[in-house]
Number of protein chains: 2
Amino acid sequence: MSDAPTQDLAAYFAQGDALEAPDGACLFRPGDEGRAFLIVKSGAVRVEQTNSAGRTVVLYRVEAGDSCVLTTTCLLSGKPYSGYGYAEGAVTAVAISANRFKSLLASDNQFQELVFRGFAARVGELTDVIDDLLEHRTDLRLARWLARRGKGQLRMTRQELAQELGTAREVASRTLKSFERRGWISISRGSVDILKPDALEAYGNAL
Amino acid sequence: MSDAPTQDLAAYFAQGDALEAPDGACLFRPGDEGRAFLIVKSGAVRVEQTNSAGRTVVLYRVEAGDSCVLTTTCLLSGKPYSGYGYAEGAVTAVAISANRFKSLLASDNQFQELVFRGFAARVGELTDVIDDLLEHRTDLRLARWLARRGKGQLRMTRQELAQELGTAREVASRTLKSFERRGWISISRGSVDILKPDALEAYGNAL
DNA sequence: AAAAACTATGTGACAGTGTCACTTACATAG
DNA sequence: CTATGTAAGTGACACTGTCACATAGTTTTT
């Protein structure tokens with residue numbers, strides 16, 4: 001994925017309009033039309049899906065150099081977005097209009113490759129989310145999620161953590177508490193300190 | 001989707017090798033390498049995902065004229081398949097080798113469009129599955145699923161029905177029973193007869 | 001045709017999730 | 001220092017997913 005030389009991207013940055021968004025800004029929401037193809041230059045975009053009942057799950061993050069499948073899907077199918085996109089950190093991106101997108105896609109093989117690679121990577125992440133949602137043991141899912149972050153402090157609320165996994169705040173709360181009792185993490189208002197990622201990893205993958 | 005003239009496809013049928021599979025055959029399984037791009041000519045391919053615990057959900061079906069994202073993703077990323085593909089009905093398909101796929105993609109805009117359209121459609125289906133899995137009320141999900149089929153008899157076991165939704169056989173069993181008590185369906189070994197799709201629809205979308 | 005061997009279903013118990021309706025703690029703007 | 005809003009904890013409870021079997025249709029074998 002990251003073997004895409006960032007220099008190559010520079011050529012496309014010139015093809016579109018610069019776009020900036022502050023931390024936390026909403027870049028798109030369900031119902032919006034996909035108007036432009038987005039390539040992220042800095043910061044990240046957190047893409048979430050919320051179902052009719054209001055339950056939310058994080059699908060993936062679009063980091064610098066990546067593009068967003070949902071956006072591409074919307075451009076290609078003409079359907080509106082089905083999820084939300086929020087800026088994480090100050091985001092700078094390049095927006096390439098639908099028309100230019102289509103002509104680049106038809107003429108530039110390298111651009112095509114860029115788009116496809118992004119597509120393939122995201123589809124993989126979507127199937128990972130499905131895999132994870134099929135597992136109903138939230139404690140195992142949370143343990144694995146925390147283990148993946150590795151040792152260190154996470155500044156996020158229980159609510160945000162719950163949304164990463166597509167579960168409820170109360171459940172995240174209870175589960176974190178049980179992990180703290182075991183000494184694997186230390187929690188306080190608005191933050192979780194991961195102390196023993198290995199223990200969490202082992203717990204998350206236990207039979 | 002179906003506005004893709006099937007005549008256009010005929011041109012690509014000549015580019016690859018014919019492939020046939022009987023009803024129920026397994027076309028690919030997790031770990032297999034994506035060796036060729038597949039376009040389905042007749043029959044359908046049911047694509048499923050099974051997580052480590054063995055719980056399975058149907059991701060989507062690839063019908064005549066469609067291609068499979070998982071396959072495309074594998075070809076493009078070089079990673080093995082993450083799901084299963086089974087023939088539903090006698091399947092005939094055309095397999096286009098990875099090399100020819102890449103050269104067609106680079107040279108033929110219409111082929112590109114075909115691939116992209118397939119991609120966009122499947123991604124939409126994947127996000128639908130995620131949407132559905134976020135809803136934990138299995139009775140509502142099952143009601144909606146049945147309502148979508150419309151009136152008529154379905155020849156499938158509880159186990160198969162459960163896998164469509166990514167739930168357990170016992171749960172599907174119980175829930176079907178409760179629908180039968182309400183007179184919405186009639187069940188027997190290996191089949192479900194949908195009597196009142198409207199009632200199921202209403203129940204499935206109730207607050 | 002009767003027995004054996006499958007395959008599909010039904011059941012009751014139980015742990016664990018998700019939801020509700022509040023309560024309790026922090027944090028910060030006046 | 002109080003008010004006001006945001007974050008987190010709680011106990012009760014319905015519902016799912018799982019287990020361990022009990023049953024009941026189907027096919028194969030003798």
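By convention in this document, chain letters (A, B, ...) are assigned in the order of the sequence lines, proteins followed by strands, and residues within each chain are numbered from 1. The analysis underlying the following values was restricted to heavy atoms, covering all of them including side chains, and did not include hydrogens, waters or symmetry mates.
Residue A/Thr157 places its side chain closer to D/dA7 than to any other of C/dG10, D/dA12, D/dA7. Relative to the side chain of A/Ala168, the nucleotides D/dT16, C/dG18, D/dT18 differ in distance, and C/dG18 lies closest. With C/dT19, C/dG10, C/dT17 as the candidates, the nucleotide lying closest to the side chain of B/Lys177 is C/dG10. The A/Arg137 side chain lies nearest to C/dG16 when the options are C/dG10, C/dG16, C/dT19.
Atom CG of residue A/Asn51 and atom CG of residue B/Asp128 lie 11.5 Å apart, to the nearest 0.5 angstrom.
Rounding to whole angstrom units, CD of residue A/Gln163 and P of D/dA7 are separated by 11 Å. Straight-line distance from the CG atom of A/Leu142 to the P atom of C/dT17: 11 Å, rounded to whole Å. Separating the CG atom of A/Leu133 from the P atom of C/dG18 is a distance of 10 Å, rounded to the nearest angstrom. Summarising the geometry, the separation between CZ on A/Arg155 and P on C/dA27 is reported as 10 Å, rounded to the nearest angstrom. We find that CZ of B/Arg141 is positioned 14 Å from C1' of C/dG18, with the value rounded to whole Å. Summarising the geometry, the separation between CZ on B/Arg158 and P on C/dT11 is reported as 11 Å, rounded to the nearest angstrom. Distance, A/Arg174 CZ to D/dC13 P: 14 Å, rounded to whole Å. D/dA7 atom C1' lies 12 Å from atom CD of A/Glu170, rounded to whole Å.
Taking side-chain N and O atoms only, B/Thr167 has a distance below 4.0 Å to OP1 or OP2 of D/dG17. In terms of phosphate contacts, B/Thr138 brings a side-chain nitrogen or oxygen within less than 4.0 Å of OP1 or OP2 of D/dG17. Contact check, B/Arg169 against C/dG10: no side-chain N or O comes under 4.0 Å of OP1 or OP2. Put simply, B/His136 has a side-chain N or O that comes within less than 4.0 Å of OP1 or OP2 on C/dG18. The side chain of A/Ser173 contributes no N or O atom lying less than 4.0 Å from OP1 or OP2 of D/dA8.
Of the candidates A/Leu38, A/Val62, A/Leu70, A/Val45 forms a side chain to side chain contact (heavy atoms under 4.5 Å, CB included) with just one, namely A/Val62. The only option from A/Ile194, A/Leu195, A/Leu142 that meets the side chain to side chain contact (heavy atoms under 4.5 Å, CB included) definition with A/Leu200 turns out to be A/Ile194.
Aromatic ring orientation, B/Phe101 versus B/Phe111: perpendicular (interplanar angle above 60°, classes split at 30° and 60°). Ring geometry, A/Tyr203 versus A/Phe179: the interplanar angle exceeds 60°, so the pair is classed perpendicular (tilted spans 30 to 60°). Using a 30° and 60° split on the angle between ring planes, B/Phe116 and B/Phe119 fall in the tilted class, from 30° to 60°.
Environment of CD in A/Gln153: crowded, with over 12 heavy atoms of neighbouring residues, nucleotides or ligands closer than 6.0 Å. Within 6.0 Å of CD on B/Glu113 lie no more than 12 heavy atoms contributed by other residues, nucleotides or ligands.
With hydrogens and angles left out, the side chain of B/Arg55 and the base of D/dT16 share no donor-acceptor pair within 3.5 Å.
In the region residues 181-192 of chain A, proximity to DNA chain C at under 4.0 angstrom, judged on heavy atoms, holds for A/Arg189.
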